[in-house]
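Values in this document were obtained by computation on a predicted structure and should not be read as measured data.
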Amino acid sequence: MTLTGNTCEPQEGTLLDTFDAAVYNSDALLIQTESDLIRICWSGDIMAQTAPESGWQFARDLPLGPVRDLLLDQSPLRAFTPAGQVTLIRDTLLLLDDEQKTCCRIESVSLNRGNNTWSWLRTRPMRGYNDSHALICDILKKLEKPGLPAGVLKLEISDYTSKPVIRLSENAPARKSLCAIVQTFLQVTRRNEPGLIDDLDTEFLHQWRVSLRKVRSVLTLFKGVVATETLVQLKQDFKDIMQDTNLMRDRDVYLLSKDDYFALVPPQAHPGLEVLFDLLQQDRNEAFGKVKTMLKSKRYKKQIKAIQKLFENPKALPKGPKADAPSKVFAAGLILKRYKKVCTLAGNISDKTPDETIHALRIQCKKLRYLIESAQPLFDDKQVKRLLKNLKGLQEHLGSFNDQSVQQATLAQCLDRYPGTGANAKALAESIGALTAMLYRKQLAERRMIIENLSRFYSPDTQGAFNALFDLKNTDSKQDNTQVDS
């Protein structure tokens with residue numbers, strides 16, 4: 001048998017990926033050449049479409065095509081940036097028998113970077129030549145597997161994740177576990193700073209804020225672990241750090257939803273929305289300038305480093321009365337108490353409940369989720385994930401309800417800021433009126449969904465699941481009784 005191929009011209013390509021390596025973590029590489037945008041998956045698929053004529057950052061910027069659709073579904077908000085240069089050679093090889101008949105086709109891809117090569121092959125059997133196909137497969141299986149492309153090609157693939165694993169020991173003092181949790185979240189915060197300063201995409205600010213919010217919540221929720229004076233100072237530090245980012249994040253949420261807003265109102269209201277979004281973009285630009293200045297300031301760098309240093313050594317952290325409590329028992333009690341608080345609030349929610357009460361429920365649910373996620377390594381992973389899934393479903397509706405409430409207030413503020421005369425002012429007022437009405441209708445729909453989800457979240461089954469996992473005193477008593485009975 002003979003293996004033949006074509007004389008293929010090498011193509012120079014740029015590897016692209018997001019900050020959290022969304023493409024590589026899906027077992028694939030994204031390569032842009034002069035003519036094509038190619039996704040090579042080492043499980044056996046190649047997907048390609050015509051490369052865009054100009055530069056792009058986000059999946060939504062790409063021309064229509066299968067790669068765009070997949071990337072848009074996989075990572076709609078993150079920017080794609082260069083991760084290295086490669087030389088790409090693609091070919092279709094033919095396996096010929098002694099009569100020069102094609103027994104098998106083999107798709108071949110080779111990526112070269114410096115002196116390193118990573119190759120990918122896939123066989124395509126021909127009808128009536130099963131033995132030949134089996135033969136070539138046996139030969140290929142005996143070859144040494146080259147390993148993943150990152151190792152072979154010496155690629156610098158980001159190891160960033162917004163949800164890193166936290167290693168905790170159930171019998172360790174609560175103070176030690178708190179330090180581990182806070183250190184982990186602060187590392188996420190620091191990793192997002194460069195991308196936030198460069199304004200690569202909106203997720204850098206979002207995840208920077210979420211990680212700091214988790215730290216602040218966990219510190220408050222781990223009541224009695226840290227000395228009161230230290231906790232008061234930390235709360236003030238986090239307030240000082242985060243307050244400058246509130247407006248930027250608020251405007252980011254609006255601008256990301258621009259297409260949705262235009263779809264909510266009739267076309268005649270669109271000119272006024274254009275005026276509105278110009279105002280929002282101006283606000284966002286000014287807010288970003290302040291955030292960037294803050295992040296690059298000596299004060300911020302000194303403040304965040306001091307907070308990190310405080311949690312490096314658990315024994316040096318000023319302790320409260322519960323600092324030495326066993327971590328699992330302590331965390332279980334906190335989670336169960338917080339869940340009961342949520343249930344108490346949830347039981348009073350109705351169609352006539354004031355918005356403020358629903359917002360309070362949202363905050364309590366968020367704190368409960370932060371607690372569970374932080375302490376997750378101490379408990380049965382499958383059971384925790386099941387409870388978190390129910391909680392996340394409820395939080396989505398609570399978050400949407402809150403967003404629509406905040407957005408209506410912001411629209412009213414924009415109307416107050418704009419001069420009351422002229423064509424633009426009239427168009428703005430009309431579009432804001434139409435949009436506010438639609439947001440209110442959506443908010444009413446979300447309220448109904450919240451009530452529906454709440455009934456499941458504090459149902460006897462869910463309460464039983466929480467008690468079984470986190471009510472350690474009763475669980476231990478049941479186990480002791482079982483042992484006595486046996």
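Looking at Leu336 and Asn467, their side chains come closer than 4.5 Å, going by heavy atoms from C-beta outward. Inter-residue side-chain proximity for Arg369 and Leu388 is flagged as met; some heavy-atom pair is nearer than 4.5 Å. You'll find the side chain of Leu77 stays beyond 4.5 Å of the side chain of Asp201, heavy atoms only. Using a 4.5 Å cut-off on side-chain heavy atoms (C-beta onward), Leu205 and Phe288 make no contact. Here the side chains of Ile451 and Asp351 are in contact, with some heavy-atom distance below 4.5 Å. Leu361 places none of its side-chain heavy atoms less than 4.5 Å from the side chain of Thr357. Side-chain contact between Leu279 and Leu428 is present, with heavy atoms from C-beta onward closer than 4.5 Å. Side-chain atoms of Arg191 and Val188, non-hydrogen and from C-beta on, never get closer than 4.5 Å to each other.
The backbone N or O of Val67 sits less than 3.5 Å from a side-chain atom of Gln49, completing a donor-acceptor pair. Of the possible donor and acceptor atoms, one in the side chain of Asn348 sits under 3.5 Å from a partner among the backbone N and O of Thr344. Remark: the backbone N or O of Leu71 is not paired with any side-chain donor or acceptor of Ser75 at under 3.5 angstrom. A donor-acceptor pair is defined here as one N or O able to donate and one able to accept, closer than 3.5 Å; no such pair exists between the side chain of Ser177 and the backbone of Leu168. Of the possible donor and acceptor atoms, one in the side chain of Thr436 sits under 3.5 Å from a partner among the backbone N and O of Ile432. Of the possible polar contacts, none joining the Ser400 side chain to the His397 backbone as a donor-acceptor pair under 3.5 Å is found. A donor-acceptor contact shorter than 3.5 Å links the side chain of Ser158 to the backbone of Phe19.
Around the NZ atom of Lys176, the shell of radius 6.0 Å holds no more than 12 heavy atoms that belong to other residues, nucleotides or ligands.
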### Task
Please lay out, stage by stage, how Ser26 and Arg39 fare under the test side chain to side chain donor-acceptor pair (under 3.5 Å).
CA-CA 11 Å; Ser26 68; Arg39 183 179 184 271; 3.1 Å; yes
### Task
Begin with the C-alpha distance, continue with both residues' side-chain angles, and end with the deciding distance and a verdict on ring pair (Phe, Tyr, Trp, His ring centres under 6.0 Å) for Tyr254 and Tyr261.
CA-CA 9 Å; Tyr254 268 103; Tyr261 290 136; 5.7 Å; yes
#### Entry: Trace of the side chain to side chain donor-acceptor pair (under 3.5 Å) decision for Tyr300 with Glu193
CA-CA 11 Å; Tyr300 168 76; Glu193 287 174 3; 2.5 Å; yes
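Glu170 pairs by the side chain to side chain donor-acceptor pair (under 3.5 Å) definition with nothing, not counting sequence neighbours. In this structure Gln463 satisfies the side chain to side chain donor-acceptor pair (under 3.5 Å) test with no other residue, sequence neighbours excluded. For Lys163, the side chain to side chain donor-acceptor pair (under 3.5 Å) criterion is met by no residue, not counting sequence neighbours.
Every pair passing ring-ring contact (aromatic ring centres under 6.0 Å, His included) that includes a residue from residues 333-366 is listed here, sequence neighbours excluded: Tyr339-Phe457, Tyr339-Phe466, His359-Phe401. Residue pairs that meet the side-chain hydrogen bond (donor to acceptor under 3.5 Å, both in side chains) test with at least one member in residues 15-25, sequence neighbours left out, are Thr18-Asp20. Applying the salt bridge (charged side-chain N to carboxylate O under 4.0 Å, His left out) definition to pairs two or more places apart or across chains, none involves residues 457-467. A salt bridge (charged side-chain N to carboxylate O under 4.0 Å, His left out) check over residues 54-68, counting only residues at least two apart or in different chains, returns nothing. Evaluation of the salt bridge (charged side-chain N to carboxylate O under 4.0 Å, His left out) test over residues 382-393, restricted to residues two or more places apart or in two chains, returns Asp381-Lys385. For residues 293-308, the pairs satisfying salt bridge (charged side-chain N to carboxylate O under 4.0 Å, His left out) are Asp240-Arg299, with sequence neighbours left out.
No hydrogens or angles considered: a donor-acceptor pair under 3.5 Å links the side chains of Gln443 and Gln408. Side chain to side chain, Asn285 and Gln281 meet the donor-acceptor criterion of an N or O pair below 3.5 Å. Side chains of Gln395 and Arg362: no donor on one and acceptor on the other come within 3.5 Å.
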Using a 3.5 Å cut-off and no angle test, enumerate the donor-acceptor pairs between side-chain atoms of residues 50-58 and protein atoms at least two apart in sequence or in another chain.
{"residue": "Trp56", "atom": "NE1", "partner": "Gln32", "partner atom": "OE1", "Å": "2.7"}

Pairs of donor and acceptor atoms involving the side chains of residues 209-219, under 3.5 Å and at least two apart or interchain, shall be tabulated with distances.
{"residue": "Arg209", "atom": "NH1", "partner": "Thr245", "partner atom": "OG1", "Å": "2.8"}
{"residue": "Arg209", "atom": "NH1", "partner": "Asn246", "partner atom": "OD1", "Å": "2.9"}
{"residue": "Ser211", "atom": "OG", "partner": "Thr189", "partner atom": "OG1", "Å": "2.6"}
{"residue": "Ser211", "atom": "OG", "partner": "Gln207", "partner atom": "O", "Å": "3.0"}
{"residue": "Ser211", "atom": "OG", "partner": "Trp208", "partner atom": "O", "Å": "2.9"}
{"residue": "Arg213", "atom": "NE", "partner": "Tyr370", "partner atom": "OH", "Å": "3.3"}
{"residue": "Ser217", "atom": "OG", "partner": "Arg213", "partner atom": "O", "Å": "3.0"}

Do any side-chain atoms of residues 307-322 form donor-acceptor pairs under 3.5 angstrom with protein atoms, and if so which ones, sequence neighbours left out?
{"residue": "Gln308", "atom": "OE1", "partner": "Arg190", "partner atom": "NH1", "Å": "2.7"}
{"residue": "Asn313", "atom": "OD1", "partner": "Lys315", "partner atom": "N", "Å": "3.2"}
{"residue": "Lys319", "atom": "NZ", "partner": "Asp324", "partner atom": "OD2", "Å": "2.8"}

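Using a cut-off of 4.0 Å between Lys/Arg side-chain N and Asp/Glu carboxylate O, Arg447 and Asp355 are scored as salt-bridged. Between Lys290 and Asp244, none of the side-chain N atoms (NZ, or NE/NH1/NH2) sits under 4.0 Å from a carboxylate O, so this pair counts as no salt bridge. Ion pairing between Arg284 and Asp252 holds under the 4.0 Å rule for side-chain N and carboxylate O. Using a 4.0 Å cut-off between charged side-chain N and carboxylate O, Glu452 and Arg448 make no salt bridge.
Rounding to the nearest 0.5 angstrom, the gap separating the OG1 atom in Thr462 from the CG atom in Asn390 is 5.5 Å. In this structure, the separation between CG on Asn453 and CD on Glu446 is 9.5 Å, given to the nearest 0.5 Å.
Between Phe379 and Phe470, the ring-plane angle classifies as perpendicular under the 30° and 60° cut-offs.
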